[in-house]
Amino acid sequence: AQTVTQSQPEMSVQEAETVTLSCTYDTSESDYYLFWYKQPPSRQMILVIRQEAYKQQNATENRFSVNFQKAAKSFSLKISDSQLGDAAMYFCAHNAGNMLTFGGGTRLMVKP
Amino acid sequence: ETGVTQTPRHLVMGMTNKKSLKCEQHLGHNAMYWYKQSAKKPLELMFVYNFKEQTENNSVPSRFSPECPNSSHLFLHLHTLQPEDSALYLCASSQGGLGAYEQYFGPGTRLTVT
């Protein structure tokens, strides 16, 4: 069975600073995909960033980047220059075959 | 936020009621999903439909019955629910079946079972 663990239920960051959200996963698959989704308060969940397991290069999307450590099964999200609009629940997710598994989420608070 | 719509947004029902949740996607996607989001548990995938065919049923109790009449519409029929079924039910769609494709989520239906 696949599992995804987010060990930080809550995180806070000062506006304009950098924060890293942790995610580890367990899988027996060799080919899979990893995602970070963002769910703002009372708003729809949206994709933040995606990583293919076969790619060694870490994915980057503007202020968002990941640190993908395949051997360690770790997939952390770094948010640079944090903005008030980044405040949300962040979910790490793993997909292999036809199963998408989410972590428990990390609530990120951004302090002005 | 209008690519995937869900109705109703809020629903209160008794344990003996029968109700249905509706999801519609306007993105031309081929796959649709139902998820359950509870306060204390990770997001749980319930059902997957790919080209109108159910490809996954993630050990969901039979009191939840999905229906996918076409690639744009997805229903979740509810009957004789339990209070522990109270949760936010999210619908999502993607270009293809589960894999590399990004999923687009609806706003959810907040269900309360009394």
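Bear in mind that the values here come from a model prediction, so they are computed numbers and not experimental data. Below, read A as the first sequence line, B as the second, and so on, with proteins coming before strands; counting in each chain starts at 1.
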Problem set entry | Residue pair B:Tyr101 / A:Tyr33, side-chain heavy-atom distance below 4.5 Å |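 Side-chain contact under 4.5 Å: no.
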For this session: Could you check if a side-chain atom of A:Leu100 sits within less than 4.5 angstrom of a side-chain atom of B:Tyr35, using non-hydrogen atoms only?
Result: yes
Exercise. Mind checking which of residues 103-112 of chain A sit less than 4.5 Å from chain B, heavy atom to heavy atom?
Worked result: A:Gly103, A:Gly104
Within this structure, what is the [atom1]-[atom2] distance for the pair [X] and [Y], rounded to the nearest 0.5 Å?
X	Y	atom1	atom2	result
B:Tyr104	A:Ile46	OH	CD1	10.5 Å
A:Met45	B:Leu43	CE	CG	5.0 Å
B:Ser94	A:Leu47	OG	CG	11.5 Å

Distance-only check: which donor-acceptor pairs under 3.5 Å involve side-chain atoms of residues 106-114 of chain B, not counting sequence neighbours?
residue, atom, partner, partner atom, Å
B:Thr109, OG1, B:Pro8, O, 2.5

For this session: Pick one of side chain, backbone, both or neither for B:Gln37, based on which atoms fall under 4.5 Å of a heavy atom in chain A.
Result: side chain
Over 12 non-hydrogen atoms of neighbours within 6.0 angstrom of [atom1] in [X]:
X	atom1	answer
A:Gln57	CD	no
A:Lys70	NZ	yes
A:Gln56	CD	no
A:Lys73	NZ	yes
B:Asn70	CG	yes

Do [X] and [Y] sit in the same hydrophobic cluster, where Ile, Leu, Val, Met, Phe, Trp and Tyr count as joined when their side-chain heavy atoms come under 4.5 Å apart?
X	Y	answer
B:Tyr33	B:Met46	no
B:Leu74	B:Leu11	yes
B:Phe75	B:Tyr49	no
B:Leu76	B:Met32	yes
A:Val66	A:Tyr32	yes

Problem set entry | Any residue of residues 21-29 of chain B which, by heavy atoms, sits under 4.5 Å from chain A |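 Under the 4.5 Å heavy-atom cut-off, nothing qualifies.
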Exercise. Which pairs with one or both residues in residues 27-78 of chain B pass disulfide (SG to SG under 2.5 Å), sequence neighbours excluded?
Worked result: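 Of all non-adjacent pairs touching residues 27-78 of chain B, none passes disulfide (SG to SG under 2.5 Å).
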For this session: Write down the atom of B:Leu88, the atom of A:Gln39, and the distance for their closest heavy-atom approach.
Result: CD2-NE2, 4.2 Å
Exercise. Is there a donor-acceptor contact under 3.5 Å from the side chain of A:Tyr37 to the main chain of B:Gln103?
Worked result: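 Yes.
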